[in-house]
Amino acid sequence: MKRVILPLLFSLCLCSCAEPTPEYDEFFYGFDTYISVKVYEDHHYLFNGFKQKAETFSKECNRFVESDVIGVRQINSLVYDDQWLKVSDDLYDCLKKAVEYTELLKGYFSIYLGALSHSWDVALKDGQVLSEQDVEISMIYGNGTKLEFWEQGQSVRKSNYGEIDLGAIAKGYYLDYVKKCFDVYDMKKYIVDAGSSSILLGEKPTEDGLYTIKIKSVENTYIEAKNTFLSTSSIDNQIYTVEGKQYSHIIDPKTGYPQTLNQTCIVLTDSGTLGDVLSTSMMLMDIDKVKEAEEQFNAKAIIIREGQIIYQNPNIKVVNG
Amino acid sequence: MDKKKLRNDLLLIVPLLVAAIIALVVLLTRKTNKPLVAKVYVSNEVVQTIDLSDTSERDYTIQGKNGELIVHVHDGSIKVSKSNCPHQDCVNQGEVKDTNHPIICAYNEVYIVIEGASDYDVEI
């Protein structure tokens with residue numbers, strides 16, 4: 001009997017080595033996009049928490065839509081310099097990190113140019129360009145704005161008329177939360193995709209554990225990676241041409257104009273928040289500055305211009321299809 | 001060991017092993033023959049399933065959360081040809097033929113994804 005059963009069992013094992021099926025495979029709405037969560041281990045009770053956190057935190061970070069939570073919209077409405085506003089733990093922590101990165105990456109990243117960003121968005125969609133005067137005034141307001149923090153009261157206050165915009169950091173911060181949850185339960189096999197610009201990779205349940213990520217901006221080119229955050233900024237699908245000049249959606253904090261040096265930046269880091277910030281900032285950096293930022297923040301980057309990779313960190317595995 | 005017993009064991013084990021190895025090679029190397037299907041979700045509920053093996057040109061009107069979208073299908077590809085959303089990101093995304101590459105209209109909470117086997121896990 002053993003001689004029949006053992007080979008049968010062995011055969012079954014071989015046949016089961018096909019593409020793994022996730023235990024949990026769902027997506028839900030948040031941060032103006034869909035977040036896809038695939039987990040190859042069973043801890044399904046975590047996942048309602050992910051949905052709820054995405055819903056709440058994305059409302060807090062939304063500076064346009066009125067909602068039932070206190071968030072960036074209310075911070076931007078603060079009129080008096082001495083007015084404190086109590087916010088949630090997450091928003092408080094995210095804002096602190098955002099301000100820290102604005103300082104560390106001065107000239108490449110700023111959370112205070114929300115009003116200018118919105119003005120450009122409206123103008124470019126109408127086929128127009130902001131006047132130099134409008135840009136200058138918005139820059140004065142934005143650069144003169146400061147966020148202050150009161151730890152005990154978990155409160156913030158904003159001075160001046162600039163508007164906070166957490167669009168370049170919120171999804172990454174959310175993914176940091178998701179990673180912490182996975183770590184608490186010692187879960188390793190997952191992939192969380194927050195709209196393709198912010199991705200959390202655990203390990204794929206295959207022998208090498210590597211996920212294959214296709215790079216849209218470069219033909220037939222893929223990254224293989226695991227156990228990392230993968231953040232992407234790109235002007236693909238977000239370019240406006242007005243009077244023969246191209247404009248993107250990323251505002252250069254030095255000039256106030258939405259023109260970037262690079263087409264696409266992909267950053268691998270061990271923090272979603274940092275990854276999001278760096279992928280946006282690196283759109284404005286030359287290669288020397290990119291290498292400096294990699295060193296400073298322990299990150300790895302790929303820089304793409306005109307459909308070609310012009311810089312690739314040697315520790316990123318890139319393959320051609 | 002009895003030579004006859006050993007021979008009988010091998011006659012049983014070897015064909016099973018060979019069959020299993022062949023099955024494994026086929027499973028690991030095959031390109032999918034499963035017809036691709038596109039699913040259209042509105043607020044996380046499937047509202048339309050589209051068979052992409054049908055290569056005819058056709059349009060589907062989708063009622064999103066805040067308005068209507070026209071989804072155009074042709075020759076195995078799918079795109080949003082018209083939408084009432086303010087940013088038109090879904091329209092600008094263009095044609096999609098691959099799995100793991102969803103079309104998203106955040107304003108209408110519409111998510112369109114082609115399902116099936118793919119050579120990659122995610123596209124950025």
Side-chain angles (χ1 to χ4, degrees), chain A residues 2-4 6-19 26-34 36 38 51 121-122 125 191-193 195-199 201 204 210-217 220 222-225 230-234 236-239 249 264 266 279 302 321, chain B residues 5-6 8-30 32 39 41-45 65 85-94 96 98-113 115-124:
Chain A
K2 238 190 315 188
R3 291 191 187 119
V4 173
L6 282 174
L8 272 174
L9 279 174
F10 182 57
S11 311
L12 266 168
C13 288
L14 283 177
C15 289
S16 69
C17 294
E19 187 68 19
E26 265 206 44
F27 61 90
F28 44 87
Y29 186 73
F31 305 101
D32 286 341
T33 189
Y34 276 94
S36 157
K38 283 184 187 161
K51 255 191 241 190
D121 197 37
V122 169
K125 279 184 170 115
I191 174 170
V192 182
D193 176 359
S196 78
S197 59
S198 306
I199 297 173
L201 298 176
K204 193 170 178 179
L210 291 169
Y211 285 100
T212 304
I213 300 106
K214 187 176 180 193
I215 303 177
K216 227 187 306 186
S217 302
N220 276 334
Y222 303 80
I223 296 171
E224 289 185 353
L230 193 85
S231 308
T232 309
S233 281
S234 180
D236 293 347
N237 297 330
Q238 297 192 81
I239 277 211
H249 64 293
T264 298
I266 302 165
S279 69
I302 293 174
Chain B
K5 267 191 181 173
L6 176 63
N8 288 343
D9 281 349
L10 285 173
L11 275 174
L12 179 63
I13 293 167
V14 168
L16 280 172
L17 272 177
V18 167
I21 289 168
I22 289 170
L24 175 64
V25 167
V26 167
L27 279 168
L28 289 178
T29 59
R30 73 179 155 87
T32 179
K39 285 194 177 160
Y41 295 80
V42 175
S43 304
N44 297 353
E45 303 279 338
K65 190 180 178 191
C85 60
H87 292 152
Q88 298 285 290
D89 289 340
C90 51
V91 175
N92 292 335
Q93 211 173 325
V96 168
D98 298 329
T99 59
N100 298 324
H101 185 176
I103 300 174
I104 296 169
C105 179
Y107 179 77
N108 283 304
E109 289 189 20
V110 170
Y111 179 92
I112 303 169
V113 64
E115 294 183 350
S118 174
D119 293 337
Y120 56 91
D121 296 294
V122 71
E123 189 179 39
I124 55 172

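Both backbone and side-chain heavy atoms feed into the values below; hydrogens, waters and symmetry mates do not. Chain letters run A, B, ... following the sequence lines, proteins first and then strands; every chain starts at 1. These numbers come from a predicted model, not from an experiment.
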Quiz item: Within a strict 4.5 Å, meaning less than it, do heavy atoms of the A/Ile213 and A/Leu201 side chains meet?
Solution: yes

Exercise. Under 4.5 Å heavy-atom distance to chain A, tell me which part of B/Ile104 shows up: side chain, backbone, both or neither.
Key: side chain

Quiz prompt | A/Phe27 portion near chain B, given a 4.5 angstrom heavy-atom threshold | solution = both

Quiz prompt | chain B interface, residue from A/Thr212, A/Ile215, A/Ile266 that has the most non-hydrogen pairs under 4.5 Å | solution = A/Thr212

Quiz item: Measuring from A/Ser36:OG to A/Ile199:CD1, what's the distance to the nearest 0.5 Å?
Solution: 9.5 Å

Practice problem: Check whether A/Asp236 gets within reach of chain B through its side chain, its backbone, both or neither, counting any heavy atom under 4.5 Å. | Solution: neither

Quiz item: Distance from B/Leu6 atom CG to B/Leu11 atom CG, nearest 0.5 Å?
Solution: 9.5 Å

Practice problem: Go through the atoms of B/Val14 and report whether side chain, backbone, both or neither lie under 4.5 Å from a heavy atom of chain A. | Solution: neither

Quiz item: In terms of heavy-atom contacts, does NZ of A/Lys125 have more than 12 from other residues, nucleotides or ligands at under 6.0 Å?
Solution: yes

Exercise. Look at B/Asp9 together with B/Lys5 and state whether they make a salt bridge at an N to O cut-off of under 4.0 Å.
Key: no

Self-check item: A/Tyr34-B/Tyr41 aromatic ring centre distance below 6.0 Å
Solution: no

Quiz item: So what's closer than 4.5 Å to chain B heavy atoms on A/Thr232: side chain, backbone, both or neither?
Solution: side chain

Quiz item: Is chain B contacted by the side chain of A/Leu230, its backbone, both, or neither, given a heavy-atom distance below 4.5 Å?
Solution: side chain

Quiz item: Between A/Asp193 and chain B, which part of the residue has a heavy atom less than 4.5 Å away: side chain, backbone, both or neither?
Solution: side chain

